[in-house]
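It should be emphasised that the depicted structure is a prediction, and the values quoted were computed from it without experimental measurement. Order of appearance sets the numbers: ligands from 1, and atoms from 1 within every ligand.
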Amino acid sequence: MLIQQVELFLIEQQLRIPFKTSYGLYENRETIIVKLTDASGTVGFGEVVAFSEPWYTAETIQTSLHILQDFLIPTILNKVFTHPSEVAETLNIFKGNPMAKAGIEGAYWDLFSKKKDISLAKALGGMKEEIPVGVVVSMNEPEVMLQQIERFQIEGYERFKIKVSKQNDYEVISKIRDKFPTISLMIDANSDYTLNDIEQLKRLDQFKLLMIEQPFGDRDFMDHAILQKEIATPICLDESIYSLEDVEIAFALQACKIITIKPGRVGGLTESLKIHDYCVENNMPVWVGGMIETGISRIQNVALASLAGFTIPGDISASSRHWEQDIIYPEVKLENGKVKVPNGVGLGITVNEERIKNLSKKVFKF
Ligand SMILES: O=C(O)CCC(=O)C1=CC=C[C@@H](O)[C@@H]1C(=O)O
Ligand SMILES: [Mg+2]
């Protein structure tokens, strides 16, 4: 495959439900849509899922635009690759910036599977035709969170992730457990705790949570290992995992019992597959995380989650969880509590290029 043209669309959409994080309240979400066109006119779509501010990881929309324009795109333009893994390897001559890289590499995977006349799921080695999915409940008043869980239960979600802080964890979780004693419930702390909070974290064992996601800082492997020995609830690492190497370190230190894979955070689908295979070989449960992304990245995650080793429902909620209208059709939706894995070539959906153009704040063509 020889890429003749790369286009970047910086888009911004209003979120249906504002998303409260440790950084602040997100009411709108910027992302970058990547469109690759090869010599035959076949196109591949990807998405850069970095946020506008460096609160989740160090990347932002602006750092990604810089790295894409000044380094990544000049490196892949008019160069022949026979497989997306070669693209990942080539882009790794540059340090860091996994989300910028994943935007390009993911678009290559879409293009590659189209050229092979197979679905992305099949190209990745996927087996499932439909997947169970989880949903994230934003940080809010406990009553609002209870209402959201009730609604999402009716919609068919099988796993519920709530965002908590160390100021409100016990109060919120106990109210949820009082009303929903048996649901599959997990929390995401986004590094809000430290080892000084170990007694407070021990108290959460009584709630029989599926896991605690990223209680400590992203480089705190040793502290997570100390905590995991003290609590029964499995620790899941998210922000700590930028590569397979980080997973090997976490596994060697017993810093966690579960891993969440986000292709953007690890540099793309090639690295995601390596991490999936390692976790399966080492009996470490693994699931696919979300990034409050558009349907392009979401449907890419659906394809990834179709691999047999993903055994925990991921953050792969319907388009309607975040958007009034998605930029793909058909939109991601639950049918009988499951999301169907597209079996059309490539992503297997249609990208609404008209809507992308209407949502674009800036367009770049190379
Ligand atoms: O994509 C979704 O629906 C949820 C995504 C989600 O929970 C997160 C995305 C990015 C940062 C955090 O807010 C959180 C996470 O840490 O997993
Ligand atoms: Mg997380």
Side-chain angles (χ1 to χ4, degrees), residues 13 15-31 47-61 98-99 102 131-140 145 148-149 151-152 155 157-165 185-193 209-218 220 224 234-242 246 250 256 258-266 286-302 304-305 312-323 326 331-334 339:
Q13 295 183 86
L15 285 162
R16 280 194 64 233
I17 303 172
F19 200 81
K20 192 166 175 355
T21 73
S22 52
Y23 178 78
L25 191 66
Y26 267 103
E27 294 183 322
N28 293 330
R29 170 56 157 134
E30 285 183 315
T31 59
E47 181 172 354
V48 176
V49 294
F51 288 106
S52 306
E53 292 83 17
W55 66 273
Y56 170 68
T57 64
E59 288 186 89
T60 68
I61 290 288
M99 291 179 182
I131 56 170
V133 290
V135 64
V136 177
V137 177
S138 308
M139 207 182 286
N140 210 316
M145 296 176 82
Q148 280 190 353
I149 291 174
R151 179 159 58 82
F152 290 146
E155 289 181 29
Y157 290 102
E158 296 194 17
R159 187 230 69 199
F160 300 84
K161 171 160 119 176
I162 59 172
K163 312 289 284 182
V164 294
S165 72
L185 183 65
M186 61 179 280
I187 66 173
D188 187 354
N190 288 117
S191 306
D192 201 31
Y193 298 91
L209 296 170
L210 183 62
M211 65 187 91
I212 298 183
E213 193 177 324
Q214 201 68 41
F216 300 154
D218 65 327
D220 293 344
H224 281 112
I235 292 173
C236 171
L237 292 181
D238 172 2
E239 291 92 325
S240 290
I241 306 300
Y242 290 96
D246 286 338
C256 66
I258 301 174
I259 293 284
T260 176
I261 295 178
K262 298 180 179 181
R265 193 194 65 225
V266 300
V286 64
W287 56 282
V288 179
M291 281 297 289
I292 317 173
E293 63 249 290
T294 76
I296 290 175
S297 178
R298 212 60 151 193
I299 217 73
Q300 187 186 94
N301 291 347
V302 170
L304 179 62
I312 298 172
D315 286 342
I316 309 179
S317 47
S319 296
S320 59
R321 168 66 182 81
H322 297 305
W323 315 115
D326 207 334
E331 295 196 345
V332 178
K333 59 183 175 301
L334 276 70
V339 170

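Neither the backbone nor the side chain of Arg321 comes within contact range of ligand 1; no heavy atom lies under 4.0 Å. With a heavy-atom cut-off of 4.0 Å, Val135 does not touch ligand 1 at all. Here Tyr26 has no heavy atoms under 4.0 Å from ligand 1, in either its backbone or its side chain. Proximity of Asp238 to ligand 1, defined as any heavy-atom pair under 4.0 Å, is confined to the side chain (atoms from C-beta onward).
Glu239 lies apart from the Mg ion (ligand 2) in this respect, since none of its N, O or S atoms is found at a distance under 2.8 Å.
Per-residue contacts place Asp188 under 4.0 angstrom from the following atoms of ligand 1 (heavy atoms of the residue considered): 14 (C), 15 (C), 16 (O), 17 (O). Proximity to Ser317 (heavy-atom distance under 4.0 Å) selects the following atoms of ligand 1: 3 (O).
Between Lys262 and Asp315 there is no salt bridge, since no side-chain nitrogen of the basic residue lies less than 4.0 Å from a carboxylate oxygen of the acidic one.
Considering both main-chain and side-chain atoms, Trp55 never comes within under 3.5 Å of ligand 1 through any nitrogen or oxygen pair. Considering backbone and side-chain atoms alike, Lys161 places an N or O below 3.5 Å from some N or O of ligand 1.
The heavy atom nearest to atom 9 (C) of ligand 1, considering only Gly290, Ser138, Cys236, is found in Gly290. Taking all heavy atoms of Arg265, Met291, Arg298, His322 into account, the minimum distance to atom 10 (C) of ligand 1 is reached by Met291. Between atom 12 (C) of ligand 1 and the options Lys163, Glu293, Gln214, the minimum heavy-atom separation is to Lys163.
When distances from the Mg ion (ligand 2) to the N, O or S atoms of Glu213 are compared, OE2 comes out shortest.
With the Mg ion (ligand 2) as vertex, Asp188 OD2 and Asp238 OD2 subtend 170°, rounded to 10°.
Of the protein's non-hydrogen atoms, the one nearest atom 4 (C) of ligand 1 is Val136 CG2, 3.4 Å.
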